[in-house]
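In what follows, a structure is listed as structure tokens, so that the remarks can point back to it.
Keep in mind it's a predicted model, so treat the numbers as computed, not measured.
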Amino acid sequence: MKQLTSEDRFNVACITPGNPNCPKNPGGDFDIGAPPILSKLKDGKSPLVVGQKSAVAYGLDPDEKGKIVWQTRIGKGGPLGGIEFGGAADQKSVYFPLSDCAVDPKAGGGMFALEIATGKKLWETAPAPPACLLSRDAAPRNLRPPR
């Protein structure tokens with residue numbers, strides 16, 4: 001078992017200042033909001049690739065109790081940001097969406113490709129500007145599915 005970010009006890013109650021349901025030192029809301037990806041490399045190793053809401057992707061060695069093999073930051077991260085939704089992988093690369101624009105549409109986001117063996121950033125692409133960017137409803141209300 002591996003804890004990637006110690007002292008992170010953030011919960012949604014922490015968004016409201018002074019809420020008694022928020023721990024005294026909540027941390028930065030850096031839990032893992034996407035399922036891990038178990039991959040298979042040509043050398044026989046099987047890294048576990050994990051994306052965290054801190055906007056850091058990790059390559060972990062499951063045979064070494066989750067030892068961090070590599071880590072790559074792709075954004076700022078935080079509440080409703082970072083790598084929050086599932087990624088995908090092929091034989092060489094892992095692909096993660098970045099949702100840093102969920103709270104502030106101008107903050108950034110996009111799609112990133114990392115080399116599974118090393119975490120080296122292969123490419124990134126920015127998202128199209130959201131149609132609601134000029135609306136006061138730009139975020140986070142627009143995260144809900146349409147009715």
Residues passing the side chain to side chain contact (heavy atoms under 4.5 Å, CB included) test with E64, sequence neighbours excluded, are D61, K67
Heavy-atom nearest pair, P35 first then G86, reads CD-CA, 4.0 Å
Nearest heavy-atom approach of L38 to S46 is CD1-O, 3.6 Å
Next on the checklist: Are L60 and I68 packed together at the side-chain level, in the sense that at least one heavy-atom pair is separated by less than 4.5 angstrom?
Outcome noted: yes
Practice item. Using a cut-off of 6.0 Å, state whether more than 12 heavy atoms not belonging to K120 lie near its atom NZ. Key: no
All heavy atoms of V50 vs all of P36, minimum pair found to be CG2-CB, 3.9 Å
OG1 (T125) and CE (M111) are apart, to the nearest 0.5 Å, by 9.0 Å
Rounded to the nearest 0.5 angstrom, the NZ-CG distance for K92 and L41 is 11.5 Å
Output for pair (Y95 OH, I37 CD1), nearest 0.5 Å, gives 10.5 Å
Between P97 and G87, the two heavy atoms sitting closest are CD-CA, 4.4 Å
When rounded to the nearest 0.5 Å, the distance separating CZ of R73 from CG of L98 is 10.0 Å
Quick one: do Y58 and F96 end up in the same hydrophobic cluster if we chain Ile, Leu, Val, Met, Phe, Trp and Tyr together by side-chain heavy atoms under 4.5 Å apart?
no
Rounding to 0.5 Å, atoms CD1 (I74) and CZ (F112) come to a distance of 5.0 Å
By side-chain hydrogen bond (donor to acceptor under 3.5 Å, both in side chains), Q71 pairs with (sequence neighbours left out) none
### Query
Does W70 reach the side chain of V49, with side-chain heavy atoms less than 4.5 Å apart?
yes
Item to check | Flag side-chain contact, heavy atom, 4.5 Å: L122 against S93 | outcome: yes
In terms of heavy-atom contacts, I32 and Q52 come closest through CG1-CG, 4.3 Å
G77 and D100 have their tightest heavy-atom pair at N-OD1, 3.0 Å
So CG of L114 and OG1 of T72: to nearest 0.5 Å the spacing works out to 5.5 Å
